Amino acid sequence: MDLSLMNRAQYEAITTTEGPVLVMAGAGSGKTRVLTHRIAYLIEEKDVPSYNILAITFTNKAAKEMKERVDKLIDDDTSKMWISTFHAMCVRILRRDIDKLGYDRSFSILDTTDQLNVVKDVLKSMNIDQKQYPPRQFLNAISNFKNALITEKEAKENAYDFREKLNADIYTSYQEILYRNSALDFDDLIMLTIQLFQKDEAILNYYQTKFQYIHVDEYQDTNHAQYQLVYMLSQKYENICVVGDSDQSIYKFRGADIMNILNFEKDYDNVKTILLEENYRSHQRILDAANNVIENNTSRVPKNLVTSRGKGEKITSIVSQNEREEGQRVVKQIQKLKNEGYRFNDMAVLYRANSQSRAIEDALVKSSLPYNMVGGMKFYQRKEIKDLMSYMKVVLNIHDDIAMERIINTPKRGIGPKTIDTLKQHANALNSSIYDAIKDADFIGLSKKNAENLAQLLSVLENLKEKSKFMSITDLVDEILHDTGYLNMLIRENTLESNSRIENLEEFKTVTKEFDETHTIGDELLFDFLSDMALVSDQDSVDDTDAVTLMTIHASKGLEFKVIFIVGLEEGLFPSYRSMDTEEELEEERRLMYVAITRAMERLIISRATSRTIFGRTNNAMESQFWSEIPADLVEGESLISVYDGRSSNSKKRPRSKSQVFTDNSGVTFNVGDKVTHKTFGDGMITAINGSGDSEELDIVFSKVGPKRLLAKFAPIEKKG
DNA sequence: CGTAGCAGGTTTTTT
DNA sequence: ACCTGCTACG
C-alpha cells in the first residue's frame, strides 16, 4: 500500500491503529482520505478481517462515498464491513434484537411529521390548547430528553415546575403510543440501542467483540446518546479513532455536544492526538478569509489553516437592492464563470435558510440555467409519496396506527374523523390497534356501511401482505396503487395537481427499481426498504447532470466546489436573528460561515441585499457582521453593470415599470440622519424628509455635490451600515 | 361526511 | 407569501 503521498500527520493518523486516536482535522485537510486509507491499511497491512471494522458517518452520502473509496483502495471483499450512519447502524442492531425490549421486529420509523401528529394527539387527549402550547416545543423537549438519555421516569422525577412536569407527561404518553405501534423516532434508534446493550450484556459483548476497530467521522457533531453508544462499543478493545473539527460544529440545535470532541482526551486513556492543518482544497485567499472569520470566536482551540495551493483570485462581493436582484446578479456571475471555463457542476449557491432558495431558483429558471436543489420541499414528504409509504408500512405491520390513520380514508371510503375517533378509543381501551378495533366493528356501533367499507379495506391489505412476500418492491407498489384504488382516484381527479402526483409516483418507482436491483425478494425486503427510506434524505440522491447546486450551508458540510456563492449575508438572516441572543449561539453561526467559506476551492463570491422581503414584508437589511470580518483587501466588488437590461427572456410577461428598471425603494424606511450612498452623487446624509408614501422626498446633503432633493421611492440610493 | 373558503402562524439548521 | 387547520355549509 502506497502511503508516500501522505504528509507526516496523515501518515501518523493512518498507521496508529491501536488505542484511542483523536484526529483534529481542519477543513480540507484530507480527513476522508485519512479514514479510507486507515481502513485499507488495517485490512491490507494488519490483516484485520473487514468483519471487525466499524466506521460511523453522519450522512448516508458520506457513508456511501467512504465505502466506494475503500473499495477502490483494496481488492478484498469489503461487504462485511460496517460503514454506515449512526441511525442505519442502530436499525441493523435493533432489527435483530429489539423484541427483547418488547417492540416488534418489524418496527416502523417515524418522520418529523408523524412525530408531530402523535404529539398533537396527546395534546388533544389531555385537553391542552395547541395555540398556547405549540406541539413543536414538546417535540423538541422529547428529543432533548432522548439525546440526553433521560427516560420518561427520570424526566418525571426531575420535573420541578409546571412546564417540566407537562413535558415529562407528554413524553410519557408519546412514548406509550410509539411503543404500542412498535414505532421508533430517530432519537429512539440511538437510545433504544443503548437500552438494549444495558439490558442484555451478551448482545453488547457480541458487538464489542465484533467491532475491534471503530471509526467515527464528524465527531464534533455527536450528541450525548451517540457519544455513549460509541463509548460502550469501544470498551473492550479501545481501538477507537475519532475525526472531527471543532470549528465545524454546527448541530448544537439538535443536541450535538462540542464537549464530546474537546473532552475526548479525558474520556479515554492514552489518547494520541493528531492535528491535520495542511489544507489541500482551497486557495490561500479563501483560507485567509476563513481564518479571519473564525478567529472572532473566543471559545476555540487556536488553529490556522495553511495551503500550498496558490494565492488565488480575490473574493468577489455583490451588493444588490433586493433578493430578486441578488438572484439575477448571482446568475450573471454564474454565466460569466461558465464562460471562463467552469462547469455548472463546479458551482454551488449556499444559503442560511431554505426559504432563500426561491429567489435564486427564479433567476436560474428565467435564464434557463440547469440547477439541482437539495433539501427544501422534500420529495419523500410529498403527500402521495407519504400515502404510498403508509400503505407499505401497514402492509408490513398492520398494527401501525400512525400509518393506518393516514390511509384509512385515502382514497375516500366514507370514514370520517368521528369514525376514526371511535376506532381509536376502542383500540385504546383494549390496548390494541385500529386493526383490532375494525375486527370488532360490529360491537362498537359503527354503521353498517362503515363496517363494510372497513372490512373491504382489511381484506385488500391482508391480500397485499400475502402478495408482498413474493414480489419485488416495484411490483408491490403497482399492486398497492391498483388494489387500493389510489391510482384510480388520481386518474379520475384529472387535474394538473393529480397528474403531477401520478408523475411523482412514477418517479418513486425509479427509486424502488434501484432498490430491487440490489436486493432479493423475501421476508426482509419490505422492512429493509422502508427503513432505508426513513433514513435517506434527498441529499443522497446523486445527480450527475451538469447543473448548479443549491443548498443550505448545513447540507454542504463535507462537500467541496470550485466555486462557492454565499448569499444573503445580512444581519438577522445570517447570522439568524434567533441566534443572536447569546454569544454561544452566535459562535455557532460563525462556524457555519466558516464551513461555508471553506467549501470553496478556487472562487468565492459573497452576496447581500440592502433590502429583503420576508413574510411578504420588506425590510432593510444591514450588512452581516461576518461580511465585515473578511479583510477588505481580500475582496473585490463586482463592477456594477445594471442587470435590469431588458434582455431577460421573460421580460415580456410583465413589463417593468421605470421604478424597477432603476431602483425601487418602496418598503425601505428612511430617517433623518441616515447615511446613504447614491449611484452617481456618492456618499451623503439625509437632512430632511418631506411628504410620505410614493411622493416622499428626501433632502440629502452629498459630500461631493452638496444638497439635493430626491424622490425617495426612485432615488438610486442605498442606506449605509 | 366532504369541501370550500378563511384565519392564523410561520422560517434555522436534519438523521 | 404560503401552508395548515378550522368552520360553515351542502
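None of these values were measured; they are calculated from a predicted model. Every chain is numbered from 1 and lettered A, B, ... according to where its sequence line falls, protein lines coming before strand lines.
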*Test ring pair (Phe, Tyr, Trp, His ring centres under 6.0 Å) applied to Phe138(A) - qualifying residues, sequence neighbours left out*: none
_Glu584(A), CD: over 12 other non-hydrogen atoms inside 6.0 angstrom_ = no
_Under-4.0 Å side-chain N/O to phosphate OP1/OP2 contact, Lys252(A) with dT13(B)_ = no
*Rounded to whole angstrom units, what separation is found between the CD atom of Gln226(A) and the C1' atom of dT15(B)?*
8 Å
_Could you tell me how far apart Leu189(A) (CG) and dT14(B) (C1') are, to the nearest whole angstrom?_
14 Å
*Quickly work out the Asp129(A) CG to dG9(B) C1' distance and round it to whole Å.*
14 Å
*asked:* With nearest nucleotide decided by heavy atoms, which residue, Pro134(A) or Ala534(A), maps closer to the 5′ end of DNA chain B?
replied: Pro134(A)
*With centres under 5.5 Å and planes under 30° as the test, does Tyr251(A) stack with dT14(B)?*
no
*Using ring-ring contact (aromatic ring centres under 6.0 Å, His included) as the criterion, point out the one residue from Tyr351(A), Phe574(A), Phe253(A) that pairs with His554(A).*
Phe253(A)
*Between the side chain of Ser320(A) and the main-chain N/O of Asn322(A), is any donor-acceptor distance below 3.5 Å?*
no
*Write down the atom of Leu229(A), the atom of Phe197(A), and the distance for their closest heavy-atom approach.*
CD1-CE1, 3.6 Å
*Just how far, in rounded Å, is C1' of dG9(B) from OH of Tyr133(A)?*
19 Å
*Could you state the CZ-C1' distance from Arg617(A) to dC2(C), rounded to the nearest angstrom?*
16 Å
*asked:* From CD of Glu323(A) over to P of dT11(B), roughly how many Å is that when rounded to an integer?
replied: 18 Å
*Near-parallel close stack of Phe186(A) and dT14(B) base (under 5.5 Å, under 30°)*: no
*For Phe145(A), what residues pass the ring pair (Phe, Tyr, Trp, His ring centres under 6.0 Å) criterion, not counting sequence neighbours?*
Tyr171(A)
*Answer with base, sugar-phosphate or nothing: what part of the nucleic acid does Lys120(A) contact at a heavy-atom distance below 4.0 Å?*
sugar-phosphate
_Between P of dG9(B) and CD1 of Ile614(A), the distance in whole Å_ = 19 Å
*Consider the side chain of Asn354(A), meaning its heavy atoms from C-beta on, and name the nucleotide among dT11(B), dC2(C), dT13(B) that approaches it most closely.*
dT13(B)
*Which nucleotides of nucleotides 1-6 of chain B have their base under 4.0 Å from a protein heavy atom (B), which only their sugar-phosphate (S), and which neither (-), written as one string 5' to 3'?*
SSS---
*Scan Phe58(A) against the nucleic acid and name what it touches under 4.0 Å (heavy atoms): base, sugar-phosphate only, or nothing.*
sugar-phosphate
_Distance-only donor-acceptor check, side chains Asn453(A) and Arg413(A), under 3.5 Å_ = no
*asked:* Please confirm whether the shortest side-chain N or O distance from Thr552(A) to OP1 or OP2 of dT14(B) is below 4.0 Å.
replied: yes
*Take atom NZ of Lys61(A) and atom C1' of dT14(B), then tell me their distance rounded to the nearest Å.*
15 Å
*Any idea which of dT13(B), dT11(B), dT15(B) is nearest the Thr85(A) side chain?*
dT15(B)
*Judged by modelled atom types alone, do Gln115(A) and Arg136(A) share a side-chain donor-acceptor pair under 3.5 Å?*
no
*asked:* Quick check on DNA chain B: between Phe615(A) and Arg254(A), whose nearest nucleotide comes earlier from the 5' end?
replied: Phe615(A)
